[in-house]
S.K.: 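Let me give you the structure first, and then I'll get to my questions.
When reading the values below, keep in mind they use all heavy atoms of this one structure, side chains included, and skip hydrogens, waters and symmetry mates.
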Amino acid sequence: LLRPLPFIHGERLVDVWHSNGPSASGGSMMPPAKVLGWQEQPSVFERIESYAAAPFDLTGDGPPERVVARVVSLGLFDMLGITPLMGRTFTGEEGAPGSAKVVVIGYQFWRSRYSGSPSVLGEILHLNDEPYTVIGVLRPNTILLTDDEPIWLPINLKAWSTHPSSYGFHSVGRLARGLDFEDARRAADRIAVALGEERPIPRGWYIGLTKKEVSSMATESRRALVVL
């Protein structure tokens, strides 16, 4: 069922895909370098951020379990207007190779695994045997992809853009103010041609746009991000 997006300026949000040609209405996941290039195009996007899903083995307080974490670019929470119930979200120093390992947890996960304890901030979760510090708890009903989002991790796209193991990301953009959907498509096609001439990249700069009407994620973007 279609439902209104609970995000700020939701009427201007679009899904952004890698495409091999102009005027596409879909495509595949975007590599970090391509997302970064489109972040520099304010005539089309006021903001563009990325996310994916990654499975982890969770250990620590409570029974071990397999969880699917949300891996999000550093500006995604801010772009969508998602604020924590407790603690904080991610900063620019996090999500890069060698940075401190931190995690934000979902409201239901906090209630079920920590009984809603206010002392959860600073607790340690082990994901794939690596320790992560809990820095925040999201508000109830914070939903990006599904109704069960227990763990959120940061990724610094710039830091990972040249990493040989970088995976593709699902991306969401907020169109520039005053730009309608069809005009955005045409502008993106023109910019893709210009970028291809100025700084060509593998697979090119073309993107596909689709209106973001439901909170869901394509199956393809559930590939594990083992680089974390």
Side-chain angles (χ1 to χ4, degrees), residues 2-53 70-82 90 92 95 143-145 154-163 166-223 225:
L2 299 181
R3 59 183 184 270
L5 290 175
F7 305 134
I8 59 173
H9 303 299
E11 73 283 356
R12 288 195 280 140
L13 293 181
V14 293
D15 287 314
V16 187
W17 310 88
H18 163 77
S19 174
N20 293 319
S23 301
S25 58
S28 56
M29 301 299 103
M30 299 244 288
K34 190 166 183 175
V35 178
L36 292 170
W38 279 102
Q39 286 179 340
E40 300 170 357
Q41 309 305 321
S43 62
V44 178
F45 297 111
E46 186 176 282
R47 299 278 298 270
I48 179 172
E49 299 292 342
S50 297
Y51 61 87
R70 306 304 178 218
V71 183
V72 300
S73 59
L74 299 178
L76 184 71
F77 286 140
D78 181 65
M79 185 184 82
L80 298 179
I82 296 174
F90 307 123
I143 299 169
L144 180 62
L145 310 177
I155 187 163
N156 185 315
L157 293 177
K158 185 175 182 179
W160 285 104
S161 62
T162 59
H163 195 282
S166 289
Y167 282 73
F169 287 80
H170 182 89
S171 295
V172 58
R174 186 162 68 220
L175 296 180
R177 193 177 300 273
L179 188 68
D180 69 26
F181 182 75
E182 292 303 327
D183 286 342
R185 274 186 171 175
R186 288 189 285 268
D189 288 345
R190 292 193 298 270
I191 291 171
V193 173
L195 286 173
E197 295 172 352
E198 296 170 7
R199 42 176 167 154
I201 59 173
R203 303 174 67 201
W205 286 100
Y206 282 111
I207 55 174
L209 301 179
T210 54
K211 294 180 180 179
K212 193 166 186 62
E213 297 177 324
V214 294
S215 187
S216 62
M217 180 176 67
T219 302
E220 182 177 353
S221 63
R222 292 183 177 273
R223 294 161 54 188
L225 299 176

S.K.: Working to the nearest 0.5 angstrom, can you tell me the gap between Leu36 CG and Met30 CE?
M.R.: 9.5 Å
S.K.: Can you find a heavy atom in the side chain of Lys212 that is under 4.5 Å from one in the side chain of Val14?
M.R.: no
S.K.: For Asp78, is there an ion pair with Arg47 - N to carboxylate O distance below 4.0 angstrom?
M.R.: yes
S.K.: Walk me through it: do Ile207 and Leu209 pass the test side chain to side chain contact (heavy atoms under 4.5 Å, CB included)?
M.R.: CA-CA 7 Å; Ile207 55 174; Leu209 301 179; 4.0 Å; yes
S.K.: Any side-chain donor paired with an acceptor under 3.5 Å for Ser73 and Ser50?
M.R.: no
S.K.: Do Glu49 and Val72 have side chains that approach each other closer than 4.5 Å (heavy atoms only, starting at C-beta)?
M.R.: no
S.K.: Using a 4.5 Å cut-off on heavy atoms from C-beta on, say whether the side chain of Phe45 contacts that of Gln39.
M.R.: no
S.K.: Identify the two heavy atoms, one from Leu74 and one from Pro154, that lie closest to each other, and give their separation to 0.1 Å.
M.R.: CD2-CB, 3.8 Å
S.K.: Determine yes or no for a side-chain-to-main-chain donor-acceptor pair under 3.5 angstrom, with Lys34 supplying the side chain and Tyr206 the backbone.
M.R.: yes
S.K.: For the backbone of Trp205 and the side chain of Trp38, can you confirm whether one donor and one acceptor N or O come within less than 3.5 Å of each other?
M.R.: yes
S.K.: Can you confirm whether Leu179 sits close enough to Glu46 that some side-chain heavy atom of one is under 4.5 Å from a side-chain heavy atom of the other?
M.R.: no
S.K.: Quick check for you: to the nearest 0.5 Å, what is the distance between Gln41 atom CD and Ile191 atom CD1?
M.R.: 5.0 Å
S.K.: Any idea which heavy atoms bring Val44 and Ala188 closest together, and the distance?
M.R.: CG2-N, 4.1 Å
S.K.: Could you tell me if Arg203 and Ser28 have a donor-acceptor pair between their side chains, going purely by distance under 3.5 Å?
M.R.: yes
S.K.: Is the Tyr51-Phe169 ring centre distance short of 6.0 angstrom?
M.R.: no
S.K.: Is the closest basic N to carboxylate O distance between Arg199 and Glu40 below 4.0 Å?
M.R.: yes
S.K.: Using atom types as modelled and distance alone, determine if a side-chain donor or acceptor of Arg12 lies under 3.5 Å from a backbone N or O of Leu175.
M.R.: yes
S.K.: What's the shortest heavy-atom distance between Gly208 and Ser19, and which atoms?
M.R.: N-CB, 3.7 Å
S.K.: For Arg174 and Met79, indicate whether the former's side chain and the latter's backbone hold a donor-acceptor pair under 3.5 Å.
M.R.: yes
S.K.: Charged N to carboxylate O under 4.0 angstrom, Asp183 versus Arg186?
M.R.: yes
S.K.: Going by atom types only, do Thr210 and Trp17 share a side-chain donor-acceptor pair under 3.5 Å?
M.R.: yes
